[in-house]
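Worksheet: one structure, shown below.
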Amino acid sequence: MPKIQFYPLDVTYKVKDNKAVIFVFGRAADGKTICVIDDSFHPYFWVLLRKGESIEKFRKYAEGLSEKKDNDLLKVEKTEVKGKKFLGDDVEAVKIIVNQPAAVVHFREMLGKRKEVSHVLEADIQFARRYLIDKKITPALLHEVEGEETIERVKCDYIIKAAKIEHVSDDTLKPKTLAFDIETYNPEGKNILPDKYPIVMVSLYGERFKKVITWKRFKTKHDYIEFVDGEADLIRRFKEEVGSYNPDILVGYYSDGFDFPYMKTRAEKYKIDLDLGWDHSSIKLGRGRNEAVEITGMVHVDIFRFIKFVMGGSLDTDYYDLSSVAEELLGDKKIEVELDGLADAWDNHHERLEPYCEYNLHDSLLAFKLCDKVLPNILELVKVVSLPLFDTVRMSFSQLVEWYLLKEAPGFNVLAPNRPEHDSIKERIEKRFKGAFVFEPKPGMYKDIAVFDFRSLYPTIIASHNISPATLNAKCPENERDYAPVEGKKVWFCRNPKEFLPRMIKELITRRLRVKEILKSKKDKMLEARSYSLKILANAFYGYLGFYASRWYSFESAEAVTAWGRFYIQQVIKKAQDNGFEVLYSDTDSIFLSLEGKKRDDALRFVEKINMELPELMELEFEGFYPRGIFVSAKVTGYGAKKKYALLADDDSIKIRGFELVRRNWSLIAKEVQEKVINIILREEDIDKAMDYVKEVVNDLRSNKIGLNKVIIHTQLTKEIDAYEQYGPHVAVADRMKKQGIPVGPGTTIEYVIIAGKEKIRDRARLPGEVSQKDYDPDYYIDNQVIPGVEKLFEVLGRDIAEETESKEQSKLQSFFAKKKK
DNA sequence: GAGCATCGGGG
DNA sequence: GTGTACGATGCTC
């Protein structure tokens, strides 16, 4: 039989003659598309019987089951018995093999009701995924299919009826990616109405390929712009172009929630079928909260989702709009155009449309590059969970952990627990336990700080103490028990045998260590991405144990993890103090030591000693030396602020945590002053200079020397103007804009300046275009923007910025006396 | 301050 | 499709 090597990408199934037929779509090694068809795989699930019940009697009963439902025949094909592990117990499990997926739904319910049955297990694992797990197929890796060519209505170069599919190597597909983005006619600002307004342009961007399709003509220098006669043609041409480019991955930014749903609505209007699927099926829109748009065969990636939910933790940006994300990850932004002017240009000024096409294309380019950038992360996760890219990029951490466990379970002969039912979910949500330990910092400025943190603290605790629902308070001799330091509770985990869940997390940790080992000798972006993916997945295990919807949920296990976490970090703190170090700050897994009167080597030796005493996998790592650092007091309590500090690193870079620098609704001048003050304090240690700088800015503000652009405040409208109860300055300005005929609505960013006067602040808010530099109110910017941003920093250093700049209370007092005099 | 509802992203 | 989904934030009582 002929053999073909290929990279699987997508899996689905169809029911034919009461039998499930699997379709594996992918890219052959020669670049052609391939569809592998397999009808030899049967759906199944497991049943456990109560103690004392006869397995043979039950099997006899089950094997005769058959039912007609509508036109479907549902029947049990056969049963098997196998020794399995279920939550640490050895059990005899009955495998119920049925003819088609719908029969699983039917018989799991029927058998679940019988009194001799105690558990129905793994009866909710989707058939296509089950197929991948059981056949050990990992999407995007090289496989070989052996089989004959066959005929089927699919858009594939090879159509093979499989006799055998085998994993060949970890050689990974370099996918062909195409990005797309639409622009729509939108006279109503943020209010998006697909039923009412058309798509005006669509862009496509791929390797050596770019195109913008639009349907109003104008003179242009760009040969990538193609003109068609109307929206319907635009949609048809989009389909054709995607088809002829024939990508493995079609990527968009928020295309699950916007581009595809919008296009679908428009296509329906013209009765155009968006049949992009390799089996000629239409794109499938997700319902309700699940917005995923699926295309059979082709991998549709909504890169926004992946970046926000999987990469989010490591990004600095607070916002996940394309521009912010692209800026951080790629150093490239969206092209700036006046989007509100598109509708007018579309209606009345075609000659103004070209910039919008450039903008449109650039969005696709950004989506393309973002996808390319995070592809190594995606592929690493795909390797771990062995699910199609489509599913993997849309999974939350807990789902990734769960599918990793589900995939590995058969190899360890482990039966997966069921997901919780409604009642137990409610119970689980209400249960809370104690979290991490935070050592409150004493506000102040410190010199020579050494920072250490535990490498993957929680994952290594789980692996080292064999934490899992199966070992929790299980039977084992007293000297085999590891008691968790949970207050007021007797909780232990048996040290042996090493259980499934800790073994799985250990596998991730050691895999990552191997990657990191290679990384030491050569820098490699791919490997860094792999290391990152493995790290976040390992870290997610702890959350998974305590997550209400988990199969392997274990409240006591999660509780034990944080208890041990507190135990270890407190132990380090204590030992540091015993060794004469001053501990400045500690949060969860990190510790900040003052090196006053000590040498760097002392700190390194101290950590070495700590590591000798820790369990094998656990390690306190050196994070860095910082010549100077400042900890600021919290706003409310006045005590040490958690997670609010700035450090000057050895390489002269500054690490800022928890300060407001990035907030959108701060004026540029406020951000600038905060940043500069931190810099002067840390780099030059010259408090007077920092103070003088602030005074200078305050004076410049007073004499209106600061440019208007630096006093503009940005605030986003979150709802309709009328809906605001609190008529704040940004709402007032939005109102003014509306009266001037500028469209505003939810999502519009309002820019305003506060001008001098005695009225309420909201009555003194103006559009930047309405005022000039001499109009803004110095007092407002001094008291409400600049001073609050640096107040705490100076407070730590024993200085009162408000007093020294004679702002705030002072000025209020002055005006009070001024009034009195009159 | 708890409890509920709604954004988020997208033009 | 052997199905189900989060989490931060703002607003109201």
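Side-chain atoms are counted along with the backbone in the values below, which use heavy atoms only and exclude waters and symmetry mates. All values derive from a computational prediction rather than experimental measurement. By convention in this document, chain letters (A, B, ...) are assigned in the order of the sequence lines, proteins followed by strands, and residues within each chain are numbered from 1.
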message = Ring centroids only, cut at 6.0 angstrom: are A/Tyr205 and A/His362 within range, meaning strictly under it?
response = no

ask   = In whole Å, what is the span from the OH atom of A/Tyr253 to the P atom of B/dG8?
value = 13 Å

ask   = Taking only side-chain nitrogens and oxygens of A/Tyr548, does any of them come within less than 4.0 Å of OP1 or OP2 of C/dC6?
value = yes

inquiry  = Measuring to OP1 and OP2 of B/dG11, would you say a side-chain N or O of A/Lys334 lies under 4.0 angstrom away?
reply    = yes

message = Would you say the rings of A/Tyr254 and A/Phe258 are close, in the sense that their centroids are separated by under 6.0 Å?
response = no

key: Stretch residues 295-304 of chain A: residues that reach within less than 4.0 Å of DNA chain C through a heavy atom   = none

Between C1' of C/dT4 and CD of A/Glu402, the distance in whole Å = 11 Å

request  = Tell me which nucleotide among B/dG10, C/dC6, C/dT4 gets nearest to the side chain of A/Phe309.
outcome  = C/dC6

ask   = Once you round it to whole Å, what is the distance between P of C/dT4 and CG of A/Asp391?
value = 15 Å

inquiry  = Rounded to whole Å, please give me the gap between CG in A/Leu339 and C1' in B/dG9.
reply    = 14 Å

query = Is a donor-acceptor pair below 3.5 Å formed from side chain A/Tyr254 to base B/dG9, judging by atom type as modelled?
reply = yes

Between P of C/dT4 and CZ of A/Arg551, the distance in whole Å = 10 Å

query = What nucleotide among C/dT4, B/dG11, B/dG9 has an atom nearest to a side-chain atom of A/Arg419?
reply = C/dT4

key: A/Asp72: side chain to side chain donor-acceptor pair (under 3.5 Å) partners, not counting sequence neighbours   = none

message = Tell me the interatomic distance from A/Phe306, atom CZ, to B/dG9, atom P, rounded to whole angstroms.
response = 18 Å

query = Just how far, in rounded Å, is P of B/dG9 from CE of A/Met311?
reply = 17 Å

ask   = Quick one: which of B/dG9, C/dT4, B/dG11 gets closest to the side chain of A/Asp321?
value = B/dG9

message = Let's see if you can work this out: which of C/dT4, B/dG10, B/dG11 has an atom nearest to the side-chain heavy atoms of A/Asp340?
response = B/dG11

Interatomic distance at P, C/dT4 relative to B/dG11, whole Å = 33 Å

Plane angle bin for A/Phe260 and A/Phe180 - parallel if under 30°, tilted between 30 and 60°, otherwise perpendicular = tilted

ask   = Do A/Phe86 and A/His119 make the cut of ring centroids closer than 6.0 angstrom?
value = yes

ask   = How does DNA chain B look in dot-bracket notation if pairs are Watson-Crick or G-U with both distances under 3.5 Å, crossing ones as [ ], other-strand ones as |?
value = ||||||||...

request  = Name all residues meeting the side chain to side chain contact (heavy atoms under 4.5 Å, CB included) criterion together with A/Phe547; count only those two or more places apart in sequence or in a different chain, and write none if there are none.
outcome  = A/Ser398, A/Ala549, A/Ser550

task = If the plane angle is over 60° it's perpendicular, under 30° parallel, otherwise tilted; pick one for A/Tyr544 and A/Trp552.
result = tilted

request  = Output all residues satisfying salt bridge (Lys or Arg N to Asp or Glu O under 4.0 Å) with A/Glu183, sequence neighbours left out; order by chain, then residue number.
outcome  = none

task = Please state how far atom CZ in A/Arg394 lies from atom P in B/dG9, giving the value in whole angstrom units.
result = 17 Å

request  = Between A/Phe547 and A/Tyr44, just flag the one whose closest nucleotide in DNA chain C comes earlier from the 5' side.
outcome  = A/Tyr44

Where at least one partner belongs to residues 386-399 of chain A, residue pairs that pass salt bridge (charged side-chain N to carboxylate O under 4.0 Å, His left out), sequence neighbours excluded = A/Arg129-A/Asp391, A/Asp256-A/Arg394

ask   = What is the nucleic acid contact for A/Asp256, judged by heavy atoms within less than 4.0 Å: base, sugar-phosphate only, or nothing?
value = nothing

task = Using a 4.0 Å heavy-atom cut-off across all strands, classify A/Thr184 as base, sugar-phosphate, or nothing.
result = sugar-phosphate

key: A/Arg551 and A/Glu402: CA distance, side-chain angles, deciding distance, salt bridge (Lys or Arg N to Asp or Glu O under 4.0 Å) verdict   = CA-CA 7 Å; A/Arg551 288 173 188 269; A/Glu402 188 148 288; 3.4 Å; yes

key: Residue pair A/Glu122, A/Arg130: steps toward the salt bridge (Lys or Arg N to Asp or Glu O under 4.0 Å) verdict   = CA-CA 10 Å; A/Glu122 300 192 3; A/Arg130 175 95 270 172; 2.9 Å; yes

ask   = Which part of the nucleic acid, if any, lies within contact of A/Asp363, taking any heavy atom under 4.0 Å across all strands shown: a base, the sugar-phosphate backbone alone, or nothing?
value = sugar-phosphate

message = Using a 4.0 Å heavy-atom cut-off, does A/Gln126 contact any base of the nucleic acid, only the sugar-phosphate backbone, or nothing at all?
response = base

